[in-house]
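Working notes, structure below.
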2 protein chains.
Amino acid sequence: MGNSREDVVNAALKLLDSWGLEFFSMRRLAGELDVQPSALYHHVASKQELLGFMAARIVGQVEVDADVVASCHRLRAAMLAVRDGAEVVATASAFRMGVSELEARLAAVTTPDVARTLLLYVMGHTEATQLHRQASSLGVIEADPDLDASFDRGLAIILTALPAAVDA
Amino acid sequence: MGNSREDVVNAALKLLDSWGLEFFSMRRLAGELDVQPSALYHHVASKQELLGFMAARIVGQVEVDADVVASCHRLRAAMLAVRDGAEVVATASAFRMGVSELEARLAAVTTPDVARTLLLYVMGHTEATQLHRQASSLGVIEADPDLDASFDRGLAIILTALPAAVDA
DNA sequence: ACCTGAACACCGTTCAAGT
DNA sequence: ACCTGAACACCGTTCAAGT
């Protein structure tokens with residue numbers, strides 16, 4: 001039929017959300033698209049590049065405005081919206097893709113250092129939240145009802161420095 | 001000859017440091033120990049558990065005292081000392097192992113929220129540093145001479161909130 | 001442009017059996 | 001207690017060839 005790269009990324013995100021990163025494989029994705037595994041490499045150079053496209057999509061529509069706390073909440077929500085989304089974004093963003101744009105937009109409403117600190121914090125906390133929720137939904141661990149509030153307190157800790165940093 | 005779990009973890013850390021996480025496999029580790037792959041499962045329940053033991057060892061001897069900045073520097077140095085160390089610790093610590101002890105010690109000299117924020121920041125920044133250094137040593141990217149200073153500025157941003165938080 | 005078929009060089013893990 | 005041998009059920013990626 002002729003898939004496009006967009007089709008591949010769409011199917012990949014769907015597969016990730018229903019199976020999780022652990023079972024996300026190129027061969028499984030090929031199966032989902034009714035195509036041979038080798039066909040995927042017509043649309044994508046490697047699995048890692050594909051994960052980068054997926055991360056960019058997860059994070060791509062997040063709006064960043066002057067309300068820094070709300071912006072961080074939106075980023076967190078976007079990553080939590082797809083299974084293992086935070087891990088995919090964190091891994092890919094270490095390699096830089098799409099997230100650097102987010103950092104720039106955040107820097108525009110704060111400072112470069114605050115933006116970087118904030119972003120590392122949001123990703124780390126969100127990844128921990130997602131793993132914790134997954135573990136607790138499997139009954140491996142008791143749920144931590146403080147996770148959401150703890151996110152806000154960390155945000156506040158980082159943003160305490162903002163007024164002084166903007167003056168500098 | 002009879003290996004102990006300690007032997008396995010030692011060999012694993014050596015293998016990680018010389019090959020990197022990408023090429024770290026149970027089969028390769030078995031080869032290094034002159035043993036069949038299946039023998040490893042006598043000492044360790046899974047690869048994930050083994051990575052947890054490795055992370056605990058990387059982070060285990062880090063001293064945490066009242067000098068929070070110096071403590072964070074020591075943690076950072078410990079992770080940077082072994083190839084892909086930050087990634088191994090970050091992944092394992094999301095699953096909790098040994099790092100929770102570090103968080104507790106850090107909380108004792110700050111507050112629980114500051115400790116958590118600090119730890120997420122230190123791990124995220126160190127992982128990014130390590131990946132960046134690796135990429136730049138491969139010539140994929142130019143070196144960023146600001147990375148070390150940027151680490152300190154982020155630390156300062158988080159610690160701005162500390163006096164108020166301790167009073168509360 | 002998009003895909004197939006076949007292959008290459010691997011994986012983690014289990015399990016009966018040996019010493 | 002520690003290990004072997006053999007198997008199971010997979011991986012990511014390449015590449016000539018087809019349409």
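Note that the coordinates shown come from a computational prediction; the quantities given were computed from them, not determined experimentally. All chains are named by letter (A, B, ...) in the order of the sequence lines, taking the proteins before the strands, and each is independently numbered beginning at 1.
Using a 4.0 Å cut-off, no side-chain N or O of B:N3 falls inside it from OP1 or OP2 of D:dC2. An OP1 or OP2 oxygen of C:dC3 is reached within less than 4.0 angstrom by a side-chain nitrogen or oxygen of A:H43.
Between D:dA9 and C:dA9, the two P atoms lie 24 Å apart (nearest whole Å). Here the separation of D:dA16 from C:dC3, taken at their C1' atoms, is 13 Å to the nearest Å. The separation of C:dC2 from D:dA17, taken at their C1' atoms, amounts to 13 Å, rounded to a whole angstrom.
In this structure, A:K47 atom NZ and D:dC11 atom P are separated by 9 Å, rounded to whole Å. At whole-Å resolution of the value, CG in B:L33 and P in D:dC2 are 13 Å apart. The nearest whole Å value for the distance from the NE2 atom in A:H42 to the P atom in D:dG12 is 20 Å. The interatomic distance linking B:L40 (CG) with D:dA1 (P) rounds to 18 Å, in whole Å. Distance B:L21 CG to C:dG12 P: 11 Å, rounded to the nearest Å. A straight line from CD of B:E49 to C1' of C:dT13 spans 14 Å, rounded to a whole angstrom.
Applying a 4.0 Å cut-off to non-hydrogen atoms, the residues of residues 22-32 of chain A that approach DNA chain C are A:R27, listed by residue number.
For A:Q36, whose side chain is taken as the heavy atoms from C-beta onward, the closest listed nucleotide among D:dT13, D:dC3, C:dT4 is C:dT4.
A salt bridge does not link A:R28 with A:E32: every distance from a Lys NZ or Arg NE/NH1/NH2 to an Asp or Glu carboxylate oxygen is 4.0 Å or more. In this structure, A:R153 pairs ionically with A:D146, as a charged nitrogen and a carboxylate oxygen lie closer than 4.0 Å. Checked for salt-bridge contact, A:R74 and A:D65 meet the test: a charged N lies under 4.0 Å from a carboxylate O.
Side-chain N or O atoms of B:D7 include one that pairs as donor or acceptor with a backbone N or O of B:S4 at under 3.5 Å. A donor-acceptor pair is defined here as one N or O able to donate and one able to accept, closer than 3.5 Å; such a pair exists between the side chain of A:D17 and the backbone of A:R83.
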Stepwise side-chain contact (heavy atoms from CB on, under 4.5 Å) check, A:V8 with A:L29: CA-CA 8 Å; A:V8 172; A:L29 176 57; 4.2 Å; yes
Working note: A:V122 + A:M79, criterion side-chain contact (heavy atoms from CB on, under 4.5 Å); need CA distance, chi angles, decisive distance, verdict. CA-CA 10 Å; A:V122 172; A:M79 293 191 287; 4.1 Å; yes
Using side-chain contact (heavy atoms from CB on, under 4.5 Å), reason through A:L50 and A:M26 one step at a time and then give a plain yes or no. CA-CA 10 Å; A:L50 174 56; A:M26 297 299 270; 4.0 Å; yes
May I have the step-by-step check of side-chain contact (heavy atoms from CB on, under 4.5 Å) for A:T91 and A:L51, ending in yes or no? CA-CA 9 Å; A:T91 301; A:L51 286 167; over 6 Å; no
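For the strand DNA chain C, secondary-structure stems (runs of at least three Watson-Crick or G-U pairs, all distances below 3.5 Å) span C:4-8 with D:12-16, C:12-16 with D:4-8.
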How would nucleotides 14-19 of chain D be written as a contact map, 5' to 3', with B for base contact, S for sugar-phosphate-only contact and - for no contact, using protein heavy atoms under 4.0 Å? BB----
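Note on A:W19 and A:V89: same hydrophobic cluster, where clusters join Ile, Leu, Val, Met, Phe, Trp and Tyr whose side-chain heavy atoms are under 4.5 Å apart, directly or indirectly.
Side-chain contact check for A:R76 and A:T129: at least one donor-acceptor pair (N or O, by modelled atom type) lies under 3.5 Å.
Other residues, nucleotides and ligands contribute more than 12 heavy atoms inside 6.0 Å of the CD atom of B:Q134.
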